[in-house]
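Data first, discussion second: the structure below is written as structure tokens.
Values below: all heavy atoms of this structure, side chains included; hydrogens, waters and symmetry mates excluded. Here is how names work: the chains are called A, B, and so on, in the same order as the sequence lines, proteins then strands, and each is numbered from 1. Bear in mind the structure is a predicted one, so any value in this text is a computation, not a measurement.
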Amino acid sequence: MQDIIKGAAYVLGDNIDTDQIIPAKHLVYSLSDPEERKLYGKYAMSGVPDTAAGLPQGNVKFVPENDHRSPFQIIIGGKNFGCGSSREHAPEAMQIAGITAVVAESYARIFYRNSVDGGFFIPFEATQRLVGEIKTGDDLEIDVPKGTLTNRTSGKTYSLRPLGDVLEIIKAGGVFAYARQAGFLKS
Amino acid sequence: MGMTMTEKVLARHAGRTSAAPGDNIWVDVDILMTHDVCGPGTIGIFRKQFGPTAKVWDREKVVIIPDHYIFTNDQHAHRNIDVLRTFVKEQDLPYYYDVGTDKYKGVCHIALPEEGHTRPGEVLFGTDSHTCTAGAFGEFATGIGNTDAALIMGIGKLWVKVPETMRFEFEGPLPPYLMAKDLILHIIGDIGVDGATYRAMEFAGDGVMSLSIEERMTLCNMVIEAGGKNGIIPTDAVTEAFVKSKTAKPYQPVADDQDARFHSVRRYKTADIQPTVAKPHSPDNCGTARECTGTKLDRAYIGSCTGGKLNDFMAAAKILKGHQVLADTYIVPATTEVAKGLATTMLDGQTLAEIFQNAGAKISQGASCAACLGGPSDTFGRLNKSEVCISTTNRNFPGRMGSKTAQVYLASPYTVAASAIRGEITDPREFL
């Protein structure tokens, strides 16, 4: 686990569900095939309505045309991020597009668990609403041991909630590594 | 200290005498279910982590039900069914319901109980968020991702954080114009789409216990739309009669202790609840059907794990009989068993299928999830442009049924059928 995570912000609102993160018609591509899996990066966030894509102004493409990597590395979300379907394709599509952390006010349970157990990125919980505070494109830095998020564009620093129970799984790198440490799997 | 049903099931499956909310425990799994959308990814992780020749932990406990992208020309979707077939053959799995065979079932959450895989007191995980439907059978059932499912495939266990339980009591049997869908939409409207996040939702009271098993499934099906981890209903004679008719496997029901502790208890009188509609674009954006009267509709859709069971079609048929629909109306039976029911179940001298045909509705030739979640662009009933639809399904987030410019209203089969006739949202009491 990295101590410092840096990147450009992509800001979304409340109740971003997994159909918006990766629309259902794209769930047919292979996640095992190294080339085909790039399609998940290409279509990540393609279900977000245009006016809500990249707040505050909206109409900001998460991934440029003909690419599968996003110029943004950190998502800022509102309440209930990742609600809806249990598709693990959602956090995985975000990882394929290059996301290394999400900072949201709260998460839907299955998405949070999938992000941690799959080791795709770290889902941090903010202690205040950051949608409206942070703008898409702002230069962010997360200090994981200190539990802070600094917006280097505005100079403001915000505190993050402790990772709590899932810290050990995140440190291990996902549930398989964690299960090996816990003795449920032969290493 | 007393335990709730959910706490008891989890404690027992962790080999402990007790479990309290917040405990992180490893539980033994009774059934792992997967389907065509998440099965291939799960199998990929299983092979990578356990090795190409690894065997599943218990071939009797892995159930694979293709149901999402079946009646489509999408070649990737067909390839995913082939991935399932190869795996099932390799692992010699007895519970696989293959496309194009007599064993094909359709929507997994309805197929599971039909095939006897849902039993009181058990632990069921599935790679689909609506796995919570099976809480209707007094078991712990919840949705998981591919990684967790792959871990279960290999070791038969998963870590779980024991949830607090929210209890919802309904007093009085349902008035003739209400369905379980109205009750759950009403709750979601009350507590919001994250009102039960990380918690169990327990349903009780004589209003709930008077429901049929199918209606209880509808209630538990949508707990995920309030963020709930699982839904659960006490086991009674109705549950036992259904389960025993489907399986001879033994099971151990659980009940709340007298001194069980709940996060909260909410009480409702069913007589106070109105036919309810969730407006675009969120299941908690609720109003009454009456308040929405006059909202013009292009389409009505009756189907899915939420609203595509035989009782849902019986309810719709009661209203549609002798009428013509103004909105384009799509009928999608959840399973092949439900499809047979449409052809054989009679209402006033006509089969349900005849009633729908005579009303001008389109009936899907195949049982599947179809347009509930949009799916490939050639999916039956998919909203491909800015249409306005009323649906018996479970979600109305932007783009859920296809185009992100479409608008979806969620309602009971009664309300959807009444609205289909008028071509605008209509309270079903106008026809009952």
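- For the 3.5 Å distance criterion, the side chains of A:Asn80 and A:Ser106 fail to qualify, holding no donor opposite an acceptor.
- When heavy atoms are compared at a cutoff of 4.5 Å, A:Asp117 approaches chain B by way of both its backbone and its side chain.
- Contact tally against chain B (heavy-atom pairs below 4.5 Å) for A:Asp14, A:Thr18, A:Asn114: the top residue is A:Asn114.
- The aromatic ring centroids of A:Phe176 and B:Phe50 lie less than 6.0 Å from each other.
- Ring-centre distance between A:Tyr43 and A:His26: below the 6.0 Å cut-off.
- Per-residue counts of heavy-atom pairs under 4.5 Å with chain B were compared for A:Glu88, A:Lys79, A:Lys25, A:Gln20; the largest is that of A:Glu88.
- Here A:Lys61 pairs with A:Glu65 in a salt bridge; the nearest charged N to carboxylate O distance falls below 4.0 Å.
- For chain B, the option among A:Val48, A:Asp50, A:Leu31 with the highest count of heavy-atom pairs below 4.5 Å is A:Val48.
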#### Entry: CA sep, side-chain torsions, deciding dist, call: B:Arg199, B:Thr6, side chain to side chain donor-acceptor pair (under 3.5 Å)
CA-CA 10 Å; B:Arg199 301 197 193 106; B:Thr6 296; over 6 Å; no

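- For chain B, the nearby part of A:Glu36 is the side chain; its heavy atoms alone come within less than 4.5 Å.
- Looking at A:Tyr178, the atoms closer than 4.5 Å to chain B (heavy atoms on both sides) all sit in the side chain, from C-beta outward.
- Defined by atom type and a distance below 3.5 Å, a donor-acceptor pair is missing between the side-chain atoms of B:Thr147 and A:Arg113.
- Heavy atoms of B:Tyr69 lying under 4.5 Å from chain A belong exclusively to its side chain.
- Between A:Glu141 and the choices A:Lys146, A:Arg152, A:Lys156, the salt bridge (Lys or Arg N to Asp or Glu O under 4.0 Å) rule is met once, by A:Arg152.
- Residue contact with chain B, scored on non-hydrogen atoms closer than 4.5 Å, involves the backbone and the side chain of A:Pro49 alike.
- Only the side chain of B:Ile155 comes within contact range of chain A, with at least one heavy atom under 4.5 Å from a heavy atom of that chain.
- For a residue to count as touching a neighbouring chain, one of its non-hydrogen atoms must lie under 4.5 Å from one of that chain's; by this rule B:Arg79 touches chain A with the side chain only.
- In this structure, chain B has heavy atoms under 4.5 Å from both the backbone and the side chain of A:Ser85.
- Note: B:Phe71 and B:Phe380 fail the aromatic proximity criterion, with ring centroids not under 6.0 Å apart.
- When B:Asn394, B:Thr405, B:Leu373 are compared by the number of non-hydrogen pairs under 4.5 Å with chain A, B:Leu373 comes out ahead.
- Using a cut-off of 4.0 Å between Lys/Arg side-chain N and Asp/Glu carboxylate O, B:Glu90 and B:Arg85 are scored as not salt-bridged.
- Contact count against chain A (heavy-atom pairs under 4.5 Å) is highest for B:Ile144 among B:Thr197, B:Ile224, B:Ile144.
- In terms of heavy-atom pairs under 4.5 Å with chain A, the best-connected choice from B:Thr42, B:Asp128, B:Asp148 is B:Asp148.
- Only the side chain of B:Asp74 comes within contact range of chain A, with heavy atoms under 4.5 Å apart.
- Neither the backbone nor the side chain of A:Ser115 comes within less than 4.5 Å of any heavy atom in chain B.
- Put simply, of B:Phe397, B:Tyr198, B:Trp159, the one with the most heavy-atom pairs under 4.5 Å next to chain A is B:Trp159.
- Ranked by heavy-atom pairs shorter than 4.5 Å toward chain A, the options B:Gly143, B:Gly44, B:Gly22 are led by B:Gly143.
- Chain B forms the most heavy-atom pairs under 4.5 Å with one residue out of A:Ser32, A:Ala52, A:Gly47, A:Cys83, and that residue is A:Gly47.
- More than 12 heavy atoms of other shown residues, nucleotides or ligands fall within 6.0 angstrom of atom NZ in B:Lys279.
- Side-chain contact check for A:Thr157 and A:Thr150: at least one donor-acceptor pair (N or O, by modelled atom type) lies under 3.5 Å.
- B:Asn221 and B:Thr306 share a side-chain donor-acceptor pair at under 3.5 Å.
- Contact tally against chain B (heavy-atom pairs below 4.5 Å) for A:Pro23, A:Ala108, A:Ala179, A:Gly119: the top residue is A:Ala179.
- Only the side chain of B:Lys157 comes within contact range of chain A, judged by heavy atoms closer than 4.5 Å.
- Only the side chain of A:Ile110 has a heavy atom closer than 4.5 Å to any heavy atom of chain B.
- A donor and an acceptor atom, one from each side chain of B:Thr127 and B:Thr34, are located under 3.5 Å apart.
- Using modelled atom types and a 3.5 Å distance limit, the side chains of A:Asp165 and B:Asn24 yield a donor-acceptor pair.
- Between chain B and the options A:Asp17, A:Ile169, A:Asp19, A:Asn15, the largest number of non-hydrogen pairs under 4.5 Å is found for A:Asp17.
- At a 4.5 Å heavy-atom cutoff, the contact between B:Ala150 and chain A is made by backbone and side-chain atoms alike.
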